[in-house]
Amino acid sequence: MTLLESINSPKDLKQLSFRELEQLCSEIRSFLIDNVSKTGGHLASNLGIVELTVAMLRVFDLPYDKIIYDVGHQSYVHKLLTGRYGRFSTLRTFNGLSGFPKRAESEYDCFDTGHSSTSISAALGMARAAKLSGEHRNIIALFGDGALTGGMMYEAINDAGHAKLPLILVLNDNAMSISKNVGGIARHLRRLRMHPAYRRSKDAIEALLTHIPLLGSPLLKLMRIIKDSVRTYIVPSNLFDALGLKYFGPVDGHNISELISAFERIKSEKTTAILHVQTIKGKGYFPAEQNPSKFHGIGKFDPETGSTSPSKPTYSSVFGEELVSLAESNDKIAAITGAMPSGTGLEAFAKKFKQRFFDVGIAEQHGVTLSAGLAAAGYIPVIPLYSTFLQRAYDQVLHDVCLQNLHVIFPIDRAGIVGADGETHQGVYDISYLSHMPNMAILSPDNFSEFRQMLRYAVEVHNGPIAIRYPRGSFEAEYPHEPFVFGKAVTVTEGSGVSIVCSGRMVGHSLKVNHLLKSYGIKCEIIALPTIRPLDAESILASARKCGRMITIEDNVRTGGIGSAIASLLMENGVNIRFKIFAFPDEPIVHGSVEELDKKYGVDAASIASEVYKWLK
């Protein structure tokens, strides 16, 4: 039996020697590489915090003490050491372990996290609750330095700085978020961690004092005063001190004894303190250390070489190619990213048009209003964001873009079901939260050619805010396509049995439904909506009157989606027909493959065809 197999809870870590803890860390890395190569997942970030997680679970008393993992994809080691080793092969699979902390999954997971920069706010809330209840818990927030590019962190630090509650903030400084960190905060951290004079002075003082016999508390206090004074003298611009936090570090994030010592020391402080830990993203696995962005979130790979299967063209890659082509002939196009140039397909644009590319960090709110400013000054900003991250900037889209009718283009990547990342990342809300915004147009392609046409229209013709939502991956619906015309629906098949209104990925589902229902003598009329808003009312109403029965299929939640909009259209025009909506329910959508989730929620072709047949009969 390996050491890892013998760990059933964090209490088991307290019995191990430092040498055994180092062996455990080595076993964890080997286990993660082997398992994630089979399931896919977030590898590099978890390899980077093995020692850090082990040290926290060794020092603190979970589940009484609480650890909040910012973003949450860096919680794999935590899961392994809190009783979930035996289920780890089910990671990110349907009915298996989540790739993120889940309160419903374990008592050791105290807060669900999937988006960045939320940990300090949640931890401060728990610290205040502990004080109100008269409890003496240690509350720890662990966040990467990429989280510090999000403004919510500073709102929380500003609050925590004057609250003076016993709160431990752990800065995992690996110089990365998903892509390389940018901005003033990254530069500030580089100064802190690279200042050799501070590290030499600190080490020399500690070495001197440890050789003096009978070290008592007065001398320990003196050592701390000297250390803080040296740091203040050499590195006077410590951002965290200025914000009211007691700063400790930097500490080697791969030295288990140094980490344990630091945590033992810091938990004795009865105020808000921050421990600055330096780690290497992808530590211990050469391919991940060399290419941490690739191994941040990766599918199945060869653990020996780190190689993956050749990738097909995706909507993200097609977007990147088309935007470069457009920008070559239009110097008013600018691209904005929220720390994800690789994830959204902007790497080529960033290299070719450096002056027109802006990485704002994990700061979607700022990115959207920055885009509004560019648009107001006569530029054409294109800000691709994952659907789940665009919702973080809801107010900015409405207040700063739509109310002023500014020409900002929102390519919405990962719209609809994204699969294994689960409920915090499913993109099934964007139609609902954009459809009621004034001046906003919404497009949705069902193949690459149509997507290219839509992007060209959005850049060269449209006036005002416009969103183009597209799924993850390479899906394309196969039927004779007509050229894209803004605001115009497309009759994919003609029929009279039932009218199917659909858009994007669900056009493919509708074609399969039509094929299945033909065997029962039911011929469907399929109306595809390349333009979701504004609706082509004339085409929809004509099909409804012709067939007398209509269904809508969409990869969005029911409330506020395409079905809701068409139901209102029919009612307002006095068209009284049988009508049914196929969409995702208004509940958290679990993790699993796209196919498994479609089936679970009844929006796969077989389920829809069966339901429609029973409904019509």
Side-chain angles (χ1 to χ4, degrees), residues 66-74 100-101 110-132 139-173 177-178 181-189 192 237-248 269 271-276 336-340 358-373 383 385-386 388-401 424 433:
K66 307 294 181 185
I67 302 175
I68 300 171
Y69 292 84
D70 204 285
V71 181
H73 59 247
Q74 55 187 333
F100 297 83
C110 66
F111 199 79
D112 293 8
T113 48
H115 290 177
S116 174
S117 309
T118 63
S119 59
I120 299 179
S121 298
L124 183 57
M126 290 185 181
R128 284 193 162 124
K131 182 178 180 180
L132 290 170
I139 310 294
I140 304 100
L142 171 66
F143 52 94
D145 53 339
L148 287 172
T149 62
M152 186 175 172
M153 295 293 271
Y154 299 95
E155 297 175 23
I157 291 173
N158 181 59
D159 191 6
H162 74 81
K164 303 301 181 185
L165 290 169
L167 179 64
I168 300 170
L169 311 181
V170 182
L171 168 58
N172 172 28
D173 176 9
S177 45
I178 294 177
N181 277 326
V182 296
I185 300 306
R187 287 195 299 272
H188 180 80
L189 292 173
L192 281 177
S237 59
N238 189 319
L239 169 70
F240 306 109
D241 285 332
L243 290 170
L245 310 181
K246 189 157 187 178
Y247 174 86
F248 296 86
E269 300 290 334
T271 188
T272 305
I274 184 164
L275 178 64
H276 181 180
I336 299 91
T337 184
M340 298 188 69
F358 307 101
D359 188 340
V360 299
I362 307 175
E364 294 85 2
Q365 294 168 304
H366 164 55
V368 170
T369 302
L370 171 70
S371 300
I383 177 167
L385 294 168
Y386 289 6
T388 185
F389 299 143
L390 178 61
Q391 69 198 28
R392 291 162 66 90
Y394 174 92
D395 182 62
Q396 287 68 31
V397 176
L398 174 60
H399 182 272
D400 299 329
V401 177
T424 58
Y433 68 71

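Atoms considered below: every heavy atom in the structure, side chains included; atoms not considered: hydrogens, waters and symmetry mates.
- Between Phe240 and Tyr247, the shortest heavy-atom distance links the atoms CD1-CD1, 3.7 Å.
- The line from CD1 of Ile68 to OG of Ser119 is 7.0 Å long, rounded to the nearest 0.5 Å.
- When all heavy atoms of Val401 and Ala372 are compared, the closest pair comes out as CG2-CB, 4.0 Å.
- Remark: of the listed residues Ile168, Leu167, Leu169, Leu124, Leu167 is the sole one forming a side-chain contact (heavy atoms from CB on, under 4.5 Å) with Ile139.
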Leu390 vs Val397, side chain to side chain contact (heavy atoms under 4.5 Å, CB included): CA-CA, chis, key distance, verdict: CA-CA 9 Å; Leu390 178 61; Val397 176; 3.9 Å; yes
Working for side chain to side chain contact (heavy atoms under 4.5 Å, CB included), residues Thr271 and Leu165: CA-CA 5 Å; Thr271 188; Leu165 290 169; over 6 Å; no
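- His276 and Phe248 have their aromatic ring centers separated by at least 6.0 angstrom.
- Of the possible polar contacts, none joining the Tyr433 side chain to the Tyr394 backbone as a donor-acceptor pair under 3.5 Å is found.
- Taking the side-chain hydrogen bond (donor to acceptor under 3.5 Å, both in side chains) definition, one finds that Gln74 meets it with nothing, sequence neighbours left out.
- Residues Asp70 and Met153 have side chains in contact (heavy-atom distance under 4.5 Å, counting atoms from C-beta outward).
- Closest of all the heavy-atom pairs between Met126 and Cys110 is CE-O, 3.4 Å.
- In terms of modelled atom types and a separation under 3.5 Å, the side chain of Ser121 and the main chain of Ala156 share no donor-acceptor contact.
- Considering OH of Tyr69 and CG of Asp112, their distance stands at 14.0 Å, rounded to 0.5 Å.
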Contacts under 3.5 angstrom, residues 360-367 side chains, donor-acceptor by atom type, not counting sequence neighbours:
from, atom 1, to, atom 2, distance (Å)
Glu364, OE1, Arg392, NE, 3.1

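- Neither side chain, Asp359 nor Thr337, offers a donor N or O lying under 3.5 Å from an acceptor on the other.
- One finds the CZ atom of Phe111 at 6.0 Å from the OG1 atom of Thr118 (value rounded to the nearest 0.5 Å).
- Across all non-hydrogen atoms, the minimal contact from Phe143 to Ala147 is CB-CB, 4.1 Å.
- For the atom pair CE (Met152) and CD1 (Ile120), the distance works out to 9.5 Å, reported to the nearest 0.5 Å.
- Rounded to the nearest 0.5 Å, atoms CG (Leu275) and CG (Leu142) are 10.0 Å apart.
- Using a 3.5 Å distance cut-off with no hydrogens or angles, the side chains of Thr424 and His115 do not pair a donor with an acceptor.
- For the atom pair CG (Leu171) and CG (Leu148), the distance works out to 5.5 Å, reported to the nearest 0.5 Å.
- Taking all atoms of both residues into account, the shortest heavy-atom contact from Ser117 to Gly150 is OG-CA, 3.6 Å.
- Listed for the Lys164 side chain is a donor-acceptor partner under 3.5 Å among the backbone atoms of Gly244.
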